[in-house]
Amino acid sequence: MDWYHANEYIWQAASAIWGQAGEERARWAQAQLDLLWESQVGEVMDELERWQTCGEAVAAALSYYREHQQRMDYASYRARGLQIGSGSAESACKQLVTARLKQAGMIWDAAGAEAVAAVRAWLKSARWAEAMALRGGYRRRQVEAPSAQEQGQGGGVAEQVAEPDTTAASERPALAAEVLAQVQAELAAQRGKNGWGKAWSVKRQREVAAQRMQARPISTA
């Protein structure tokens, strides 16, 4: 559960109890936030229960924490190096998915949207070469064309049809060491060149242009 969203309920409850301003409001809110930061959600709820008669904001906070208590172990999340805010996930949804899948006239089923999102994630992570190296190959099989009787003319001609290789990944031969080395080398060469990670502000564009000018050889002619 987003830490900053959970904070809002504390401050709204504090305003309902102590008013919109004052030291008591800030002191009480900070004490509850300190408990919440250490995953002491039960103690926060006990404190809120003492003030249930102070208005809907207190009742709303108490209901919110009761419903999401199992998703608010912030101390554990921080110890594991996990983010406790949803900002980065929301930004990824916007930049990675929305920008690609919600353009004019686009209609997707769930499977198609998930497939395109996965491909876009590989691309924007600068791992396209790796993705191409890991994908399954194609194999050819012989398909007999309809007979003369079935077609009413000519004879049956065999043709080759390409179909995806459905062999389980565990049964496919492992990538050769030189292939993996080449993929890693390509990724290293592309690192820092991915436009997705560049800052496109006017100031940054000027800095890049200045760097390119300095890097150009000086003509002595």
W128 CH2 to R120 CZ distance, which is reported to the nearest 0.5 Å:
11.5 Å
Looking only at non-hydrogen atoms, find the nearest pair between V58 and A16 and report the distance.
CG2-CB, 4.2 Å
Are the side chains of S86 and H5 in contact, using a 4.5 Å heavy-atom criterion?
no
Please find the pair of heavy atoms, one from D2 and one from G85, that lie closest to each other, and give the distance.
OD1-CA, 3.1 Å
Donor-acceptor contact below 3.5 Å, side chain Y65 vs main chain A60:
no
Verdict with supporting geometry, Q69 and M45, side chain to side chain contact (heavy atoms under 4.5 Å, CB included):
CA-CA 10 Å; Q69 182 177 5; M45 292 191 296; 3.2 Å; yes
Quick one: pull up CD in Q12 and CD1 in I17 and give me the separation to the nearest 0.5 Å.
12.0 Å
Are any non-hydrogen side-chain atoms of R78 and E38 less than 4.5 angstrom apart?
yes
If we only count heavy atoms from C-beta on, is the V44 to Y9 side-chain gap below 4.5 Å?
no
Whether R25 side chain and A14 backbone form a donor-acceptor pair below 3.5 Å:
no
S63 side chain vs A59 backbone, donor-acceptor pair below 3.5 Å:
no
For S91 and G87, indicate whether the former's side chain and the latter's backbone hold a donor-acceptor pair under 3.5 Å.
no
Do E23 and W18 have side chains that get closer than 4.5 Å, going by heavy atoms?
no
Compare every heavy atom of I10 with every heavy atom of A29, then report the nearest pair and how far apart it is.
O-CG2, 3.7 Å
Between L36 and L82, is there a shared hydrophobic cluster once you connect ILVMFWY residues whose side-chain heavy atoms come closer than 4.5 Å?
yes
Just verifying a value: how many Å separate E67 CD and L62 CG, rounded to the nearest 0.5 Å?
12.0 Å
With the side chain counted from C-beta on, respond yes when M72 and Y74 share a heavy-atom pair under 4.5 Å apart, and no when they do not.
yes
Write out all pairs satisfying salt bridge (Lys or Arg N to Asp or Glu O under 4.0 Å) with one or both partners inside residues 40-50, taking only residues at least two apart or from two chains.
E47-R50, E49-R66
Minimum heavy-atom separation for L33 and W3, please, with both atom names.
O-CH2, 3.6 Å
Contact summary for L101 and W108, nearest pair of heavy atoms
O-NE1, 2.9 Å
For A13 and L48, the nearest pair of non-hydrogen atoms, with its separation, is CB-CD2, 4.0 Å
Can you confirm whether I84 sits close enough to Y4 that some side-chain heavy atom of one is under 4.5 Å from a side-chain heavy atom of the other?
no
Is it true that a side-chain atom of W37 and a backbone atom of A75 form a donor plus acceptor pair closer than 3.5 Å?
no
Pairs in or reaching into residues 86-107: which pass salt bridge (Lys or Arg N to Asp or Glu O under 4.0 Å), with residues at least two apart or in two chains?
none
Atom CD of E56 with >12 non-hydrogen neighbours under 6.0 angstrom
no
